[in-house]
Amino acid sequence: MALFISFIIVVALVPVVRKFAMRMKFVDQPTQRKIHEHPIPLMGGIAIYIGFLTTIFLMRGFDALSLSIAIGGTLLVLVGLIDDGFKARKREFPVWPRLIIYIFTATVPLWFHIQINGIRDLNNGMLMFPDWFVWLATVIWVFSMTNMMNFIDGVDGLASGVAFISSLTLFVVAIIRGDAETAIATIALCGVCAGFLVYNFYPAKIFMGDAGATFLGYTLAVIAVNGSVKSTTFVTMLIPMLALGFPILDTIIVFSRRLKEGKGLHRADKLHTHHVLMRWGLTQPQVVSFIYLVTMLFGLLSLVVMLAIP
């Protein structure tokens, strides 16, 4: 039901949002850094946001997970729409307001006690982290994933497809562990991503923009922390990290290149994996298909790790 509801809502909403964006000229303008040649409507993130929150509230009600995602996600969508509005006018939104909002949003899960509390040692005893480390680890994880998903949103269908595969992996993990709350949230996320891919796969008819990409990254991060994988052995803490392995790996590679070249870490460029693959001669569908495959391999590896550890 969660998969069906979320998918239908997004499929129905995207044409409406796209028409409104075109009328308001809320479009992503081609620039030297962009790979599209014609203005593409933004605001796709609104459909993703409404589709997911509607589904999770219907299926789970106003619990800690849904409220955490609703509050933090709303802040991210709002600042993302402002950022997208600047892009539509070929201007850059200052980085510091975004950074402050992102850090503040990363603290929202802590309000609802969704946090990385500790790990189980080899003797099945719990090693509890001190409060300062709990807060720091949770904020860093949520902040990082929020930005990482935004970083990879540079090719038609890439961010939504990677988010679909990653959330599907976390869904399988939740089902195996009997975690119904996480299973419903992750399969709802699969539904909104699949619904958006109908319009976002090459050639894209609409973009999710910063509003959609940051919302997806934030939601995945919060679900991963909230899930049953958050308090198991040290090795199985790798499961959400592996499930979200591609955006993490891409960010590490890009940041390493920027540091090597003396560039600011927040400066947009063409150093991402998808840009490199396109310079090698791959088409957009080929690039996306290759990265989908890499993401699937990360997902399978996370399942192998989970099944291998009792």
Side-chain angles (χ1 to χ4, degrees), residues 2 5-6 9-10 12-14 16-18 20-21 24 26 41-88 93-115 135 138-151 153 159-160 163 167 181-182 184-186 188-193 195-196 206-226:
I5 293 171
S6 57
I9 290 175
V10 174
L13 273 180
V14 167
V16 178
V17 172
R18 183 179 185 277
F20 179 76
M24 300 298 295
F26 204 94
L42 292 164
M43 288 192 174
I46 294 178
I48 293 173
Y49 167 80
I50 294 175
F52 181 80
L53 287 185
T54 301
T55 303
I56 202 71
F57 283 139
L58 285 173
M59 301 298 295
R60 292 294 310 173
F62 296 88
D63 59 8
L65 179 61
S66 58
L67 287 174
S68 176
I69 294 174
I71 294 172
T74 300
L75 290 172
L76 290 172
V77 168
L78 288 175
V79 74
L81 287 174
I82 295 172
D83 192 3
D84 293 335
F86 272 71
K87 288 187 178 72
F93 186 57
V95 66
W96 286 108
R98 283 184 291 160
L99 185 62
I100 293 170
I101 293 295
Y102 291 169
I103 293 174
F104 176 77
T105 301
T107 68
V108 172
L110 294 170
W111 307 354
F112 299 92
H113 305 289
I114 298 175
Q115 55 199 21
W135 302 331
T138 304
V139 168
I140 288 176
W141 168 256
V142 176
F143 174 84
S144 299
M145 282 310 308
T146 299
N147 285 278
M148 286 175 186
M149 191 59 65
N150 194 25
F151 290 159
D153 185 28
S160 47
S167 55
E181 182 181 36
T182 301
I184 290 173
T186 49
L189 202 60
C190 285
V192 297
C193 291
F196 190 70
I206 190 170
F207 290 159
M208 66 175 68
D210 280 19
T214 53
F215 177 78
L216 285 181
Y218 173 80
T219 303
L220 277 167
V222 175
I223 291 174
V225 173
N226 185 74

Can you see which heavy atom on Ala224 is nearest to which on Trp141, and at what distance? CB-CZ2, 4.0 Å

Tell me, do Cys193 and Leu216 make a side-chain contact under 4.5 Å, heavy atoms counted? yes

Does a side-chain heavy-atom distance below 4.5 Å link Trp111 with Leu67? no

Check Gly209 against Leu42 and note the closest heavy-atom contact, atom names and distance. CA-CD2, 3.9 Å

Close side-chain approach of Asn226 to Thr182, heavy-atom, < 4.5 Å: yes

Measure the spacing between OG of Ser68 and OH of Tyr218 and express it to the nearest 0.5 Å. 3.5 Å

One pair to check against side-chain contact (heavy atoms from CB on, under 4.5 Å): Phe93 and Val79. What are the steps and the verdict? CA-CA 10 Å; Phe93 186 57; Val79 74; 4.0 Å; yes

All heavy atoms of Ala185 vs all of Leu65, minimum pair found to be CB-CD2, 3.8 Å

To the closest 0.5 Å, what do you measure between CG (Leu81) and CG (Leu76)? 11.0 Å

Please name all residues satisfying side-chain hydrogen bond (donor to acceptor under 3.5 Å, both in side chains) with Ser66, sequence neighbours left out, ordered by chain then number. Asp63

State which residues pass side chain to side chain contact (heavy atoms under 4.5 Å, CB included) with Ile103; sequence neighbours excluded, sorted by chain then number. Leu99, Phe143

How about Phe86: does its CZ atom have over 12 heavy atoms from other parts shown lying under 6.0 Å from it? yes

Please find the pair of heavy atoms, one from Leu75 and one from Ile101, that lie closest to each other, and give the distance. O-CG2, 4.3 Å

Qualifying salt bridge (charged side-chain N to carboxylate O under 4.0 Å, His left out) pairs, either residue in residues 64-86, two or more places apart: Asp83-Lys87, Asp83-Arg98

OG of Ser167 to CD1 of Ile223, rounded to nearest 0.5 Å, is 7.5 Å

So do the side chains of Phe215 and Ile69 get within less than 4.5 Å of each other, counting heavy atoms only? yes

Separation of Ile206 CD1 from Ile46 CD1 (nearest 0.5 Å): 8.5 Å

Taking the side chain as C-beta and beyond, is there a heavy-atom pair between Ile56 and Leu53 under 4.5 Å? yes

Calculate, to the nearest 0.5 Å, the distance between atoms CD1 and CD1 belonging to Ile50 and Ile9 respectively. 9.0 Å

Which residue pairs pass the ring-ring contact (aromatic ring centres under 6.0 Å, His included) test with at least one member in residues 62-84, sequence neighbours excluded? Phe57-Phe62

Is there side-chain contact between Val142 and Pro109, with at least one heavy-atom pair below 4.5 Å? yes

How far apart are the closest heavy atoms of Ala159 and Met149, and which atoms are they? O-SD, 3.9 Å

Listed by chain and number, what are the side-chain hydrogen bond (donor to acceptor under 3.5 Å, both in side chains) partners of Thr74, not counting sequence neighbours? Tyr49

Just to verify, what does Thr186 make a side-chain hydrogen bond (donor to acceptor under 3.5 Å, both in side chains) with, not counting sequence neighbours? none

Distance (rounded to the nearest 0.5 Å) between Met208 CE and Ile48 CD1: 4.0 Å

Indicate yes or no: at least one non-hydrogen side-chain atom of Thr105 is less than 4.5 angstrom from one of Thr146. no

Short side-chain to backbone donor-acceptor contact, Thr138 and Gln115, under 3.5 Å: no

Considering all heavy atoms, the nearest Phe52-Val192 contact: N-CG1, 3.5 Å

